[in-house]
Amino acid sequence: MSFIDWLGSPVNWVFLVVGLAILFSSWRVVTAKNVVHAALYLVAALGGAAILFLMLSAEFVAWVVVLVYIGAVLVLFLFGIMITRAPTGKDVGLDTPHKTSPALLSVATFVLLSWASIQAFGTTQVESVGEPTSTEVLGIALLGRFVIPFEVVSFVLLAALIGGVTIARRDLTPAEEEERRAV
Amino acid sequence: MSWPEFWIVVLRVVATFALLLLVTLINVWAERKILADMQNRLGPRRAGPWGILQTVADGLKLFFKEAVIPRRVEIGMYLLAPFLAVVPAFLIFMVVPWGRPFTIGGNEVALQGADLNIGLLFILAMSSLAVYAVVLAGWSSGSKYPLLGGVRATAQAISYEAAMGLAMVAVVMFSATQGDGGTLSLSEIVERQAGTWGDIIPALEPVLRFVPRWNLFPQIVAFVIFFTAIVAETNRAPFDLVEAEQEIVGFHTEYSGMRFAMFFLAEYVNIFSMSAIAATLFLGGWNGPTFEGSVPAIVSGILPTVWFLAKTYLLVFLFIWVRATLPRLRYDQLMQLGWKRLIPGALAWLVLSTAVISFRQFGPPWSS
């Protein structure tokens, strides 16, 4: 199938537009000088990903992306930025001289992931999951075949949580130590 | 999709939108009247009979007021934030069924913006998006006070969202036992609440004959948690720190005119949508006696919508009643109630309710 044929279908048009929008906003995430703008470009990129899932009629995954990533993770990002160093007005210096190795690493990850998915699926058409509902199919898969990875992920999250608390906790000064003992 | 189907979809969305605007006008007026009654005042009474046009007058006033834009704002985000507040507020209601589906010319019309089979997930996603309006309005105003207000409001919203979600999970788990498999679709959850508890538990039939089969009765704890959480989510008294009279640091401090009115509109739309969701999940939605056969068909067709609005307004009244009754919480008390009472309470109730459900379905764990 040539590229012109591919463009014949309106669904592919939408895919192209959304894909380009995702690419642009991901690029802006790393180039934006203002940290709040960077976070908002990430919201746009994830929103695009949710639209792609919707186009594959994976409604459940799409709304979970909105709920978890846009609605929780990035809100917490923004919240963290706001309570630490909210840049009101022009913000400069959000830049790093070390650009080569992260760029190489990202390209390598991209190549690896693309290669792996092409190897795994090739030109297989995505089949419709979802009889009776895709939520049920996903739930059974997640707590059946994939139950061990699922639990491992929750364990990793727990470890990260405990680590975060440990790092964020300030050691008490001797005077405060005294005070606490007195109470 | 054929043309009649297309127009039915358009009509459904427009009708839902119009309903939402109309009830919001009534809500603002009703709140002022009811509050006035509770505080032994008269309330609005000049504009129209019983002051019912007061909201229209206020809206027009806000429309013609100058919307001041302070010098140091981040202009793009500053202008976008009010829309981010209004859009999720309207979208949330789109998945709530507000009447019994009826058939017209061979096409079934569901009185609902869109019947998603993951409706509850959509509601959670939209209510989590509403936080962006708050955080961006506070930040883009370019001043310390709105920023602080925005941070506080964000913390409040994300804390109570967790309790709200957990209460919903308990209802979904319970609802799954009431029909064929689990469901996240609101229209399905409503249909599973038809009839009375007497039909389900024959042993207590004489007593339970008059008790409707609402999720409220088995899930009363979830209802209390859910209602508390939605009062906090909509920033209403006693959790209205973002706009309290003695606090000058609300996230919309720098907004005026129409832009401020949009935040105000979003709040009132949210009160109605959240009450409608609570009525759908716990009070049986549009279910109720329709007196089929003994009254004209048009009446029994409209009655479900009447029941739905009556239940929703009962909860809206509860919102107003709570506002008139309870003193405002201090900020640390607000956080403690959220994290130390509601979320552990919701978790405990979820475990208990799940244990009872699985006991009823599979028997005791030692019975192989």
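A note on names: the letters A, B, ... follow the listed sequences, proteins ahead of strands, and every chain is numbered from 1.
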Part of [X] lying under 4.5 Å from any heavy atom of chain A:
X	answer
B:Ile158	side chain
B:Ala130	neither
B:Leu148	neither

Is atom [atom1] of [X] surrounded by more than 12 heavy atoms (other residues, nucleotides or ligands) closer than 6.0 Å?
X	atom1	answer
A:Ile148	CD1	no
B:Phe83	CZ	no
A:Tyr69	OH	no

query: Do you know which two heavy atoms are closest between B:Ser128 and A:Val75, and how far apart they sit?
result: O-CG2, 4.5 Å
Which atoms of A:Val43 approach chain B - backbone, side chain, both or neither, heavy atom under 4.5 Å: side chain
query: Is chain B contacted by the side chain of A:Leu74, its backbone, both, or neither, given a heavy-atom distance below 4.5 Å?
result: both
task: Decide yes or no on side-chain contact (heavy atoms from CB on, under 4.5 Å) for A:Met82 and B:Thr154, but give the supporting numbers first.
output: CA-CA 10 Å; A:Met82 297 295 162; B:Thr154 312; over 6 Å; no
Expected output: side-chain B:Tyr132 to main-chain A:Ile70 donor-acceptor under 3.5 Å: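 Checked: pair present.
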query: Can you tell if the side chain of A:Val36 reaches within under 4.5 Å of the side chain of B:Glu74, non-hydrogen atoms only?
result: no
task: Indicate yes or no: at least one non-hydrogen side-chain atom of B:Val131 is less than 4.5 angstrom from one of A:Leu78.
output: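 Sidechains of A:Leu78 and B:Val131: no contact.
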message: Out of B:Leu116, B:Thr183, B:Val151, return the one with the most heavy atom pairs under 4.5 angstrom to chain A.
response: B:Val151
- prompt: Hey, what do you get for CD1 (B:Ile118) to CH2 (A:Trp63), rounding to the nearest 0.5 Å?
  reply: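 B:Ile118 atom CD1 to A:Trp63 atom CH2 measures 7.0 Å (nearest 0.5 Å).
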- request: Output, in order, the C-alpha distance, side-chain angles, deciding distance and verdict of side-chain contact (heavy atoms from CB on, under 4.5 Å) for A:Val66 and B:Leu129.
  value: CA-CA 8 Å; A:Val66 174; B:Leu129 287 191; 4.2 Å; yes
